[in-house]
Amino acid sequence: MRRIFQEDATAVRGQKFLTLVEERQAAGSAIRTDEWKNLLEELQIGRASFYAMRNKLLGAGLISIKDKEYRLSGQFSKDLLDMARWWWTAVLNQSEESL
């Protein structure tokens with residue numbers, strides 16, 4: 001999280017938001033985008049800060065919005081795999097099979 005957010009406090013809030021998304025998704029009651037006021041109170045954060053944090057999580061591929069609900073996203077994992085493959089082959093000049 002500290003690679004995404006500059007401040008430790010924001011990284012902690014981002015992690016808490018991800019945990020909330022994960023818990024609610026697992027319970028079958030995903031967080032809806034119109035619940036933003038409750039999230040501001042839960043995370044003790046202002047509206048602009050919440051949306052800045054949320055947008056960074058969206059941009060990093062950690063969450064997505066589908067049908068007006070926040071969901072965990074697998075895009076982050078796919079991006080890491082792509083980056084690892086590129087680094088291994090293009091930068092380190094290793095064969096992809098040895099990865």
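Source: prediction; values computed, not measured.
- A salt bridge links Arg24 with Glu35: the distance from a Lys NZ or Arg NE/NH1/NH2 to an Asp or Glu carboxylate oxygen falls below 4.0 Å.
- By the criterion of side-chain heavy atoms lying less than 4.5 angstrom apart, applied directly or through intervening Ile, Leu, Val, Met, Phe, Trp or Tyr residues, Ile4 is not grouped with Met83; the two fall into different hydrophobic clusters.
- Here the shortest heavy-atom pairing between Leu39 and Ile45 reads O-CG2, 4.5 Å.
- Cluster annotation: Phe76 is connected to Ile65 through the hydrophobic network of ILVMFWY side chains, with a link wherever side-chain heavy atoms come within less than 4.5 Å.
- A tilted orientation is assigned to the rings of Tyr51 and Trp36, their planes being inclined by 30° to 60°.
- Taking both residues in full, the closest heavy atoms of Leu58 and Ser64 are given as CD2-CA, 3.7 Å, listed atom of the first, atom of the second, then distance.
- One finds the CD1 atom of Ile63 at 13.0 Å from the CD atom of Glu69 (value rounded to the nearest 0.5 Å).
- The NZ atom of Lys78 sits 9.5 Å away from the CG atom of Asp82 when rounded to the nearest 0.5 Å.
- Of the possible polar contacts, one joining the Arg13 side chain to the Leu43 backbone as a donor-acceptor pair under 3.5 Å is found.
- For Thr19 (side chain) and Gln15 (main-chain N/O), a donor-acceptor pair under 3.5 Å exists by modelled atom type.
- A side-chain donor-acceptor contact under 3.5 Å links Gln25 to the backbone of Leu72.
- Of the possible polar contacts, one joining the Lys16 side chain to the Glu42 backbone as a donor-acceptor pair under 3.5 Å is found.
- Taking both residues in full, the closest heavy atoms of Gln75 and Ser73 are given as N-OG, 3.1 Å, listed atom of the first, atom of the second, then distance.
- With values rounded to the nearest 0.5 angstrom, Arg2 atom CZ is found 4.5 Å from Asp8 atom CG.
- Between Lys68 and Asp34 there is no salt bridge, since none of the side-chain N atoms of the basic residue sits less than 4.0 Å from a carboxylate O of the acidic one.
- Expressed to the nearest 0.5 Å, how far CG of Leu80 lies from CZ of Arg85 amounts to 11.5 Å.
- Residue Lys56 holds its NZ atom at 14.0 Å from CZ of Arg3, rounded to the nearest 0.5 Å.
- Annotation: the span from Phe17 atom CZ to Phe50 atom CZ amounts to 4.0 Å, rounded to 0.5 Å.
- There is no side-chain donor-acceptor pair under 3.5 Å between Trp88 and Ser95.
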